[in-house]
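Right, one structure below, let's go through it.
Since this is a predicted model, take the numbers as computed values, not measurements.
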Amino acid sequence: MHRSVLILILALGAVSVASCSTSTDAPKPGPPPFVARSTTLAVTNGIKVLTNVAMPTGFAPISTRPPIWMQNGEEIAVVGTQAGHTIVYGLGGAAWRTGRILAAETGPGAAEEGTIADVEVSPNGLTLATAMVAPGSDRVDVIVRDLIATGPGNVIANFNGRYDSISMSWLNDATIALALRMHPEPAPESAASEEEQKPNPDEADVQPPPTRSDGLQLIVITGAGSVAPLKLSCPMSSLSWSAHGVYAVGQGDAGDPPVIIDRRASTCTRFHVPQPIHVLDWDKDDEGSFLYVGSDPTRHTIGVFKYDIATGAEHLMGVSSGAASFTAGSETVTLGNRELSFKQAIERPEAPVVAQVAVAQADLTKVDVKSLGFDSWPEMLAQSTMAYSKGADEAAMEIYAPSKPVPWRKIVTYSLHYDSAFLLAEGPAQGIVTMSWSLRGRWLAFLDGDATTGTVMTVLAPPR
């Protein structure tokens, strides 16, 4: 049975985040000037701001890379671009105001020069792994860095080949899963041409071509270390792993469709959706259940779906939405509007609808709908995002509302425990905002800005 509950969003007069000076201890030359300043978001009056730290000039967030909490919250990694290169900064010390370079593509902070394809932090927050494409793009190196130690880290594994897809995940604190999809080799030349190119055995030693690696590679970083390929029949795309590493979803891309991997059975099957999908979250209590964003049947808008690998059951959770998560108790939280249909979202993408949060029980027998108290548009709801803390059972949502000359961005939290929502910050929808919760959900960190206006990392304590 549905019930609607109006939640009054607290807004006691938005004010700009206060600026303060900070110190740095970054690698030389060119230490990052972590001097605080505000950008596009104003934090609601009365909310406790723990820190407000400006990133170096020219740094821009990457929309798919939220802040990463490390070392039990003592350091926060931020991934972005600067001067045309991907770079990872670590912010630690008092109020996270001391900066250092954790990974880079060039310069003294880089373990080696190249292009960063992926970067991930181990579950315990103590080790950083980077997949680096070497100059020439014919080799991928995996670099591991102990975050407590100094130095840029060391290469622990090499994979020869030119790849169209590279993604990396930690299965546990000692094992990295690296998914590689090799670029198609050119068609073999004629037999006559091959005969002409055969090396002369009387000539000096000729080095054989390096062995090419492809598919899923499991890398153990402890002890002597090891690399073991998991033989699968399907090509790899960016993988999203279940809570305990039993299943993975290859989310698909322009080159290959989505797939489902069962690591225990060493099997790989094609997902029933041919277009690329984006996995939002996995149920920690039901290993094979996940939420994903995919196209509607006409491919004109998107929706959030819940899928169960064991049964093949699928349920539509939200229309024209990209924001959903599992709770600590296997319920789902989805941003959207209860009355919105795919037809309406396609035909009237700019029609006002009330922004709502739907909390559904695991068996979907009961859905509670909470109104957030303001309007959005279907096309704006589709661009919204959610960061969820299972430790606090609280969602932080980036939601857009109609405004001129640009849409208005709102950062809103919703607590399941207190059944209440708060407006944390708001401002014109300019630049990029990414956000993430600390380990137990006490604090929320978000990056706000772009390369032109500047980027600021803010950490605050949401009211409860």
To the nearest 0.5 angstrom, please state how far the [atom1] atom of [X] sits from the [atom2] atom of [Y].
X: Asp164; Y: Met182; atom1: CG; atom2: CE; answer: 10.0 Å
X: Asp448; Y: Met435; atom1: CG; atom2: CE; answer: 11.5 Å
X: Leu178; Y: Met236; atom1: CG; atom2: CE; answer: 11.0 Å
X: Thr40; Y: Asp450; atom1: OG1; atom2: CG; answer: 8.0 Å
X: Ile260; Y: Tyr247; atom1: CD1; atom2: OH; answer: 9.0 Å
X: Glu74; Y: Ile148; atom1: CD; atom2: CD1; answer: 8.5 Å

Electrostatic pair [X]:[Y] at N-O distance under 4.0 angstrom:
X: Lys306; Y: Asp283; value: no
X: Asp281; Y: Lys390; value: yes
X: Glu426; Y: Arg409; value: no
X: Glu398; Y: Lys410; value: no

| task | Would you mind reporting whether Glu314 and Asp308 have side-chain heavy atoms less than 4.5 Å apart? | result |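 SC-SC contact between Asp308 and Glu314 ruled out.
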| side chain to side chain donor-acceptor pair (under 3.5 Å) evaluation trace for Ser289 with Trp282 | CA-CA 6 Å; Ser289 183; Trp282 290 82; over 6 Å; no
| message | Would Glu105 and Thr115 count as a side chain to side chain donor-acceptor pair (under 3.5 Å) here? Give the steps. | response | CA-CA 6 Å; Glu105 296 181 338; Thr115 302; 4.7 Å; no
Nearest heavy-atom pair of [X] and [Y]: which atoms, and what distance?
X: Asn124; Y: Asp173; value: N-OD1, 2.9 Å
X: Gly245; Y: Leu171; value: CA-CD2, 4.4 Å
X: Trp170; Y: Pro123; value: CB-CD, 3.7 Å
X: Ala129; Y: Met168; value: O-CE, 3.2 Å
X: Arg145; Y: Ile101; value: NH1-O, 3.1 Å
X: Ile302; Y: Ser321; value: CD1-O, 3.6 Å

| request: Please say which of Pro378, Ser384, Ser341 ends up in a side-chain contact (heavy atoms from CB on, under 4.5 Å) with Ser320. | output: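 Among the candidates, only Pro378 passes.
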For the aromatic rings, using the six-membered ring if either is Trp, is the centroid distance between [X] and [Y] under 6.0 Å?
X: Tyr307; Y: His315; value: no
X: Phe326; Y: Tyr388; value: no
X: Phe271; Y: Tyr292; value: yes

Would you say the side-chain atoms of [X] and [Y] include a donor-acceptor pair closer than 3.5 Å?
X: Glu287; Y: Ser242; result: yes
X: Asp256; Y: Ser237; result: no
X: Ser167; Y: Asp118; result: no

For the side chain of [X] and the backbone of [Y], is there at least one donor-acceptor N/O pair under 3.5 Å apart?
X: Asp393; Y: Ala328; value: yes
X: Arg181; Y: Ser238; value: no
X: Trp241; Y: Val246; value: no
X: Ser436; Y: Pro67; value: yes

| request: Hey, can you tell me if Trp96 and Trp443 have their rings parallel, tilted or perpendicular (30° and 60° cut-offs)? | output: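 Because their plane-to-plane angle is over 60°, the rings of Trp96 and Trp443 count as perpendicular.
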| task | With side chain to side chain donor-acceptor pair (under 3.5 Å) as the test, would you mind laying out the steps for Asp296 and Thr301 before giving the verdict? | result | CA-CA 6 Å; Asp296 79 296; Thr301 186; 5.6 Å; no
| query | Distance under 6.0 Å and angle within 45° of the ring axis: does Arg139 meet both against Tyr163? | reply | no
